[in-house]
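Values below: all heavy atoms of this structure, side chains included; hydrogens, waters and symmetry mates excluded. Every chain is numbered from 1 and lettered A, B, ... according to where its sequence line falls, protein lines coming before strand lines.
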There are 2 protein chains.
Amino acid sequence: MSTAKSEPLAARISRELSDRIVTGRIEAGARLRQDHIAEEFGTSHVPVREAFRRLESQGLVRSEPRRGVRVAGFTHDEVREVAEMRAALEALALRNAAPHLTNAILDEAEEATRAGDRARDVQSWEEANRTFHRLILEPCGMPRLLRAIDDLHTASSRFLFSGWRAEWETPTDRDHRSILTALRAGDSDRAASLLAHHVGWIGKSAYRNKRG
Amino acid sequence: MSTAKSEPLAARISRELSDRIVTGRIEAGARLRQDHIAEEFGTSHVPVREAFRRLESQGLVRSEPRRGVRVAGFTHDEVREVAEMRAALEALALRNAAPHLTNAILDEAEEATRAGDRARDVQSWEEANRTFHRLILEPCGMPRLLRAIDDLHTASSRFLFSGWRAEWETPTDRDHRSILTALRAGDSDRAASLLAHHVGWIGKSAYRNKRG
DNA sequence: AATCAATAAATTATCTATAATTAGGAGATG
DNA sequence: CATCTCCTAATTATAGATAATTTATTGATT
């Protein structure tokens, strides 16, 4: 392939497991046995354990000493928690990114929104959505913040793939476009506030979905 | 001792290294060689590597594949970044904690503030300060958020111990007391706003300190 | 300055020990 | 007599140590 060059095994394993958990191919609560996974990847258990540590820090997995590792579950409260954290942090990132946004970036973001409209399946919708958010937030130049947001976004997408949320069928493009409009007008406070509502709404929608 | 029985070695090593980094006993940029640390702790290098992964996720250490691990440095920008993240997240936590705060908790927080006043050295001031924040935020019942705040607090205390900040000599107690007053009056929005300013101010102070 | 050998360090594999879970059986109780 | 509980043995899995391999870095020599 290409990047499979000198990347540590732990990174590859962690990425692959993360993908499986996010897309639901490994279900919540499932136990992850280190030597089974090691066997599957054709490695020893050592890099597998390191991968576990990373997944644990991302909140995808829960580890109990001497008892093993299992995929983290998610309750309504946790969905809401992640949504509110995203709202707070993405608003912060956008306020800091706004001064550095160029027209070229905003155009790219507009295109990502259109790609989301065109999406016919969850995967491509999610990819477009993530691209949009990343594009307008990255210029904030706060690496730690961006990493935190990325982890939260990953957690969010778990809920999306699990079918709780019909988010990708709803008119998210309206929100995206009003955010872009505010940014083009230089009103970064309004843009941040719109973004916070846009993201925070996800938590409420998940809750409503499960209820009714 | 007590609970040091069945705790994994990686956890113990990670905690000890974290403490050394935070208090500055290991300086920024220093290289951490797994074999040396393993020898010091009387273990093999395997649990040391796992400890590294945890420290990496906490932002205390930076790891380059095949090149080793070194203690993360911190620039002015990073100090500001952490402060702003704390401001955003602690405000969120406080808004969610406010409905569950009891008078007993607020009294404990008041006592922690007094302990901070009495503190004559950085360690005990930091401990009191951390206790204060933890007390009023914990009832929010959002474990993921609390973990994130805790990691940020750890990062903050690095700057404190490094001597950049004279924060502990300043009248932080004023801020703490006005927050408690707002909470007792049931004005959680005002309390959250005060807390955000209180925490965010740290970033500015560090910046100012270094300048003048 | 550049190349190649020597050294050091990170990464991974294999092997060992210890703790946890399960299975089976003995004894007690209804 | 059947069933339930408790205890012990056997299996399984995690955690750690040691050994082997690969990659980076240093130093010497041309």
Side-chain angles (χ1 to χ4, degrees), chain A residues 1-21 25-73, chain B residues 1-21 25-73:
Chain A
M1 280 295 242
S2 53
T3 54
K5 224 173 12 186
S6 70
E7 184 191 39
L9 283 181
R12 223 164 54 86
I13 296 171
S14 148
R15 196 149 27 85
E16 172 65 22
L17 288 180
S18 168
D19 194 57
R20 286 188 203 173
I21 294 171
R25 278 158 62 209
I26 309 180
E27 69 210 7
R31 192 163 172 191
L32 297 181
R33 273 174 274 253
Q34 52 183 219
D35 28 4
H36 290 198
I37 293 168
E39 190 182 19
E40 184 199 326
F41 281 91
T43 73
S44 79
H45 74 265
V46 179
V48 174
R49 288 180 58 81
E50 289 184 33
F52 282 172
R53 294 291 160 268
R54 160 160 260 168
L55 294 173
E56 194 181 5
S57 81
Q58 292 175 325
L60 292 176
V61 133
R62 199 163 287 278
S63 160
E64 282 184 282
R66 281 280 172 194
R67 300 280 309 267
V69 166
R70 42 183 74 243
V71 177
Chain B
M1 280 298 232
S2 52
T3 53
K5 215 171 25 182
S6 70
E7 185 190 39
L9 283 181
R12 222 164 54 86
I13 296 171
S14 147
R15 195 148 27 86
E16 172 64 22
L17 288 181
S18 167
D19 195 57
R20 287 190 202 172
I21 294 171
R25 278 157 63 209
I26 308 181
E27 68 210 7
R31 192 159 172 195
L32 297 180
R33 273 173 276 252
Q34 52 184 220
D35 302 354
H36 293 195
I37 293 168
E39 191 182 18
E40 184 199 327
F41 282 91
T43 73
S44 81
H45 70 268
V46 180
V48 174
R49 288 178 59 81
E50 289 184 33
F52 282 173
R53 294 292 161 266
R54 160 160 259 165
L55 295 173
E56 193 181 6
S57 81
Q58 292 176 327
L60 292 176
V61 134
R62 199 162 289 278
S63 161
E64 280 184 284
R66 290 275 175 197
R67 299 281 308 265
V69 165
R70 43 184 73 242
V71 176

**Student:** Show which side-chain atoms of residues 31-42 of chain A pair as donor or acceptor with protein atoms under 3.5 Å away, not counting sequence neighbours.
**Tutor:**
unit_1: A:Arg31; atom_1: NH2; unit_2: A:Arg67; atom_2: O; d: 3.3
unit_1: A:Glu40; atom_1: OE1; unit_2: A:Arg20; atom_2: NH1; d: 3.3
unit_1: A:Glu40; atom_1: OE2; unit_2: A:Arg20; atom_2: NH1; d: 3.3
unit_1: A:Glu40; atom_1: OE2; unit_2: A:Arg20; atom_2: NH2; d: 2.5

**Student:** Please find the earliest and latest nucleotides of DNA chain C, in the 5' to 3' direction, that have an atom within less than 4.0 Å of any heavy atom of chain B.
**Tutor:**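 Contact span on the strand: C:dA9 to C:dT12.
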**Student:** Taking side-chain hydrogen bond (donor to acceptor under 3.5 Å, both in side chains) as the test, write out the residues that go with B:Glu56, two or more places apart.
**Tutor:**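 B:Glu56: no side-chain hydrogen bond (donor to acceptor under 3.5 Å, both in side chains) contacts found.
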**Student:** Mind running a 4.0 Å heavy-atom check of residues 25-37 of chain A against DNA chain D and sending the residues that fall below it, in number order?
**Tutor:**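 Only A:Arg31, A:Leu32, A:Arg33, A:Gln34, A:Asp35, A:His36 qualify.
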**Student:** Quick one: bend of the helix from C:dA1-D:dT30 to C:dG30-D:dC1 from 5 pairs per end, to 10°?
**Tutor:** 20°
**Student:** How would you list, by chain and number, every residue that makes a side-chain contact (heavy atoms from CB on, under 4.5 Å) with B:Ala30, sequence neighbours excluded?
**Tutor:** B:Ile26, B:Glu27, B:Val71
**Student:** Can you name the side-chain contact (heavy atoms from CB on, under 4.5 Å) partners of A:Ser18, sequence neighbours left out?
**Tutor:**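 Checked A:Ser18 against side-chain contact (heavy atoms from CB on, under 4.5 Å); matches are A:Val22, A:Leu55, A:Leu60, A:Thr154.
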**Student:** Could you check which residues of residues 66-73 of chain A get a heavy atom under 4.0 Å from DNA chain C? Sort them by number, please.
**Tutor:**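 Hits under 4.0 Å, by residue number: A:Arg66, A:Arg67.
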**Student:** Can you check whether A:Gly29's main-chain N or O pairs, donor with acceptor, with A:Arg70's side chain at less than 3.5 Å?
**Tutor:** yes
**Student:** Mind checking which nucleotides bracket the chain A contacts on DNA chain D, 5' to 3', with an atom under 4.0 Å from a heavy atom?
**Tutor:** D:dA13 to D:dG16
**Student:** What heavy-atom pair brings B:Gly73 and B:Ala28 nearest, and what distance separates the two atoms?
**Tutor:** CA-CB, 3.9 Å
**Student:** Can you list everything that forms a salt bridge (charged side-chain N to carboxylate O under 4.0 Å, His left out) with B:Arg25? Sequence neighbours excluded, please.
**Tutor:** B:Glu16, B:Asp19
**Student:** Would you mind listing every side-chain hydrogen bond (donor to acceptor under 3.5 Å, both in side chains) that reaches into residues 41-51 of chain A, with sequence neighbours excluded?
**Tutor:**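 Qualifying pairs: A:Arg49-B:Glu50, A:Glu50-B:Arg49, A:Glu50-B:Arg53.
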**Student:** Looking only at non-hydrogen atoms, find the nearest pair between A:Ala10 and A:Ala51 and report the distance.
**Tutor:**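 In terms of heavy atoms, the two residues are closest at O-CB, 3.6 Å.
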**Student:** Using a strict heavy-atom distance below 4.0 Å, which residues from residues 43-53 of chain B are in contact with DNA chain C?
**Tutor:** B:His45, B:Arg49
